[in-house]
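Step one of this worksheet: look at the structure below.
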Amino acid sequence: MLLPLADLLLSPDDMAAVDRAAAASAISSYGLMEKAGQAVAASALRHFPGALRYVVLCGPGNNGGDGYVAARALEQSGAEVGLFHLGDPKKLKGDAARAFADCPVVGETTAHYLPRPGDIVIDAIFGAGLSRHVPDEVAAIISKVSQAGLPVIAVDLPSGLDGRSGQVLGAAFRAVRTVTFMTRKPGHLLMPGRDLCGILEVFDIGIPARIVRAQANGMTAENTPAQWQADLPVADTDTHKYKRGHLVVFSGGASATGAARMAAMAGLKAGAGLVTIASPEQALAVNAGLLTAIMLHAVDDETALRAWLADQRLSTFVLGPGFGAGEKARQFVLALGQRHLVLDADGITSFRDDPQPLFDAFADGPTRLVLTPHEGEFARLFPDIAADNRLGKVEKARAAAARAHAAIVYKGADSVIAAPDGRALINANAPSWLATAGSGDVLAGVIGGLLAQGTPAFEAAAAAVWLHGVAGQRAGKGLTAEDLVAHVTPF
Ligand SMILES: NC(=O)C1=CN([C@@H]2O[C@H](COP(=O)(O)OP(=O)(O)OC[C@H]3O[C@@H](n4cnc5c(N)ncnc54)[C@H](O)[C@@H]3O)[C@@H](O)[C@H]2O)[C@@H](O)CC1
Ligand SMILES: [K+]
């Protein structure tokens, strides 16, 4: 499927390839820089019309080049402009050298910048080309500007932010606005990058969409309905409940049943035709007392589970919420055969020392396993991937998905959903108050509910994360997991 251009996320390397391809197709690269710098100046004038001075900080590459164009445009608008270079501007090359030569403002070295009240700082020090920790000199300017409390407009990316991973390389500006070009980068959505960018503006500087698409690998995007809407179950009028799938949620013991009930209710609300809680005998009474629309079945051990599994209509399972980590969880998971499974929380932890049998059990055919680890659980299942500092959250989730033959929901404020084939989506609709006890149980249930209705694993996981975010927005601040369940609605 052709993803909307606005949803695509290009890594800095992809974007550099776009630049080269644009230049190779006779598009003027200086023309692009001109439009980029003009867009920055326009944004500064529009959003900060009362600035006493626009201070443009220019670095040694094309990000600095955009800054020189912006300084010229601001000067030509009649505004007061201060220009400061990092290093010797005579050493600039290519388009940046030309932008410097075309800039009428006389600048001085960044070390001489003294913040004044009323300054608006335009950060054009580093953008997509930042390749290592910022030098001390830049860290010092960042801290000077932040201590003065001045508003910062970042060109492309706040300097110090890694556009691929969203991580800070040494130190980074905290911008009130970031003006970027053509498409966003993963670092604009991943944390802490998303917070450091402030309000993001994406300007079309005129690179044809076909060039952007050809260079983007098409594999990384924001999680939006366009990615999975077509794969969601369609409610046709002659549907009966068995056609809409039978979801089973495993319950913990008598003192730990709430999580499973939350997941089961969420699965039902996401549209599963039937939902059963598989409960230990000792917890049947407490579960029965608190359930209405959800069925109950006693399952105490692996033998009972295997006998029950003769019913082929039991298509999808959720194991983890409240279940307790240990050998019983492992046995149950490995008994499921060709079924679909959402493995969450304790279920994930149960495989911490020996995950390979889990990965092997779900290796064949279309993806049947969805894993929903938060950061700690991710490190238990994929310790080497978690510890690899060269990888950002997207690359980590992608590597884990390929290894586990599973759709991965790597949870957080910036949940990443990844598929074994390399597709990855970054979710950005979750309100901060969604991080509450039981929230993960609801998410696991929604994924299960969609899987049970035949939505493919990656799409079910991505849609569920998005629906979960919407439910959180609707439930509002101070929500409990029960409120969240009440606000889950199918798309
Ligand atoms: N993507 C596009 O289509 C366009 C991009 N443009 C701009 O071009 C920028 C990318 O330009 P560049 O690739 O030149 O990259 P940058 O300008 O971000 O930085 C590269 C320069 O910084 C140096 N550098 C990198 N990390 C450093 C560190 N930690 N300490 C000291 N020096 C360091 C490099 O050696 C190089 O000289 C974008 O961010 C954007 O602002 C625009 O000019 C117009 C078009
Ligand atoms: K910048």
Side-chain angles (χ1 to χ4, degrees), residues 8-25 27-40 43-44 56-70 85-89 91-100 102 110 121-142 145 152-164 167-175 177-185 187-188 193 196-198 200-209 211-212 215-216:
L8 281 182
L9 300 170
L10 269 71
S11 71
D13 288 347
D14 295 339
M15 208 59 211
V18 167
D19 278 348
R20 288 193 297 274
S25 73
I27 292 169
S28 153
S29 57
Y30 190 64
L32 297 177
M33 183 176 280
E34 178 70 24
K35 285 187 196 140
Q38 293 281 354
V40 171
S43 176
V56 188
L57 307 174
C58 292
N62 287 335
N63 197 251
D66 297 349
Y68 290 112
V69 173
H85 333 271
L86 184 76
D88 181 358
K91 291 192 183 150
L92 291 167
K93 295 196 186 72
D95 293 327
R98 187 169 159 193
F100 170 68
D102 286 349
T110 43
V121 174
I122 296 178
D123 156 30
I125 299 181
F126 299 120
L130 181 70
S131 54
R132 52 196 185 276
H133 277 219
V134 298
D136 292 347
E137 198 183 349
V138 172
I141 304 165
I142 291 171
V145 168
V152 175
I153 301 177
V155 180
D156 198 13
L157 288 159
S159 296
L161 176 61
D162 180 349
R164 184 178 57 92
Q167 296 295 309
V168 171
L169 296 176
F173 279 110
R174 176 176 289 277
R177 309 189 76 87
T178 294
V179 182
T180 190
F181 315 111
M182 299 310 299
T183 66
R184 295 165 301 168
K185 300 175 180 63
H188 288 128
L196 296 176
C197 288
L200 200 58
E201 296 179 62
V202 186
F203 271 92
D204 184 338
I205 53 173
I207 302 176
I211 293 184
V212 178
Q215 301 304 321

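Start at 1 and go down the list; that is how both ligands and their atoms are numbered. For this chain, numbers begin at 1 and follow the sequence in order. Note that the coordinates shown come from a computational prediction; the quantities given were computed from them, not determined experimentally.
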(request) Answer yes or no: does an N/O atom from Gly127 fall short of 3.5 Å to an N/O atom of ligand 1? (result) yes
(message) Is there a side-chain contact (heavy atoms from CB on, under 4.5 Å) between Leu157 and Thr180? Walk through the geometry before answering.
(response) CA-CA 7 Å; Leu157 288 159; Thr180 190; over 6 Å; no
(request) Can you pull out the closest protein heavy atom to atom 8 (O) of ligand 1? Residue, atom name and distance to 0.1 Å, please. (result) Asn62 CB, 3.2 Å
(message) Going by a strict under-4.0 Å cutoff (protein heavy atoms only), does atom 17 (O) of ligand 1 have a neighbour on the protein?
(response) yes
(message) Distance under 4.0 Å to a non-hydrogen atom of Gly61: what atoms of ligand 1 satisfy this?
(response) 14 (O), 17 (O), 21 (C)
(message) Any atom of ligand 1 sitting under 4.0 Å from a heavy atom of Val18?
(response) no
(request) Compare every heavy atom of Asp95 with every heavy atom of Asn62, then report the nearest pair and how far apart it is. (result) OD1-CB, 4.3 Å
(message) For Leu57, run the side chain to side chain contact (heavy atoms under 4.5 Å, CB included) check against Ile122, Ile142, Val138, Ile125 and tell me which one passes.
(response) Ile125
(message) I'd like to check which ligand 1 atoms, numbered from 1 as shown, lie under 4.0 Å from a non-hydrogen atom of Ile207.
(response) 3 (O)
(message) Checking Phe203 against Val179 for the side-chain contact (heavy atoms from CB on, under 4.5 Å) test, could you report, in this order, the C-alpha distance in whole Å, the side-chain angles of both residues, the deciding distance, and whether it holds?
(response) CA-CA 7 Å; Phe203 271 92; Val179 182; 3.5 Å; yes
(request) Could you check atom 33 (C) of ligand 1 against the protein and tell me its nearest heavy-atom contact, residue, atom and distance included? (result) Phe126 CE2, 3.3 Å
(message) If we only consider heavy atoms of His133, is any one of them less than 4.0 Å away from an atom in ligand 1?
(response) yes
(request) Check whether any protein heavy atom sits under 4.0 Å from atom 27 (C) of ligand 1. (result) yes
(message) Just checking: Phe126, one of its N/O/S atoms, less than 3.4 Å away from the K ion (ligand 2), yes or no?
(response) yes
(request) Would you name the heavy atoms of Gly37 and Val69 that are closest together and state the gap between them? (result) CA-CG1, 3.7 Å
(message) Is it the case that the side chain of Asp204 and the backbone of Met182 share a donor-acceptor pair, with hydrogens and angles ignored and the cut-off at 3.5 Å?
(response) no
(request) Identify the protein heavy atom lying closest to atom 9 (C) of ligand 1, giving its residue, its atom name and the separation to 0.1 Å. (result) Asn63 N, 3.6 Å
(message) For atom 45 (C) of ligand 1, what is the closest protein heavy atom, and at what distance to 0.1 Å?
(response) Ile205 CD1, 3.5 Å
(request) For atom 39 (O) of ligand 1, grab the closest protein heavy atom and report residue, atom and distance to one decimal in Å. (result) Asp156 OD2, 2.5 Å
(request) Among all protein heavy atoms, pick the one closest to atom 3 (O) of ligand 1 and tell me residue, atom and distance. (result) Asp19 OD1, 2.5 Å
(request) Say whether Gly59 and ligand 1 are in contact under the criterion: heavy-atom distance to a ligand atom below 4.0 Å. (result) no
(request) Please name the pair of heavy atoms, one in Ser43 and one in Glu201, separated by the smallest distance, quoted to 0.1 Å. (result) OG-OE2, 2.6 Å
(request) Among all protein heavy atoms, pick the one closest to atom 30 (N) of ligand 1 and tell me residue, atom and distance. (result) Pro135 CD, 3.3 Å
(message) Donor-acceptor pair, distance only, cut-off 3.5 Å: does the side chain of Asp14 make one with the backbone of Ala16?
(response) no
(message) Does any N or O of ligand 1 fall below 3.5 Å from an N or O anywhere on Gly129, backbone included?
(response) yes
(request) Using only N, O or S atoms, tell me which atom of Asp123 is closest to the K ion (ligand 2). (result) O
(request) Assess the pair Phe100 and Tyr68: is the distance between their ring centroids shorter than 6.0 Å? (result) yes
(message) I'd like to know whether ligand 1 has Ser131 as a neighbour, heavy-atom separation below 4.0 Å.
(response) yes
(request) Take the K ion (ligand 2) as the vertex and measure to O of Val155 and O of Leu157; round to 10°. (result) 70°
(request) Search all heavy atoms of Leu92 against all heavy atoms of Gly59 and return the closest pair with its distance. (result) CD2-O, 3.9 Å
(request) Quick one: closest heavy-atom pair of Val152 and Arg174, and the distance? (result) CB-O, 3.9 Å
(request) Give the single entry among Ala96, Cys58, Ala36, Pro60 that approaches atom 37 (O) of ligand 1 most closely by any heavy atom. (result) Pro60
(request) Please indicate whether any nitrogen or oxygen in Ala128 is less than 3.5 Å from any nitrogen or oxygen in ligand 1. (result) yes
(request) Give the intermediate values and the outcome of side-chain contact (heavy atoms from CB on, under 4.5 Å) for residues Leu161 and Thr178. (result) CA-CA 12 Å; Leu161 176 61; Thr178 294; over 6 Å; no
(request) Show your reasoning for whether side-chain contact (heavy atoms from CB on, under 4.5 Å) applies to Phe181 and Val155. (result) CA-CA 9 Å; Phe181 315 111; Val155 180; 4.0 Å; yes
(request) Any atoms of ligand 1 less than 4.0 Å from a non-hydrogen atom of Met33? List them with their elements. (result) 43 (O), 44 (C)
(request) Closest by any non-hydrogen atom to atom 41 (O) of ligand 1: pick that one out of Val69, Val179, Leu130, Asp66. (result) Asp66
(request) Verify salt bridge (charged side-chain N to carboxylate O under 4.0 Å, His left out) between Lys185 and Asp156, making sure each step is shown before the conclusion. (result) CA-CA 9 Å; Lys185 300 175 180 63; Asp156 198 13; 2.9 Å; yes
(request) Give the numbers and elements of all ligand 1 atoms closer than 4.0 Å to a heavy atom of Met15. (result) 1 (N), 3 (O)
(request) Could you grab the distance from atom CG of Asn63 to atom CG of Leu86, nearest 0.5 Å is fine? (result) 11.5 Å
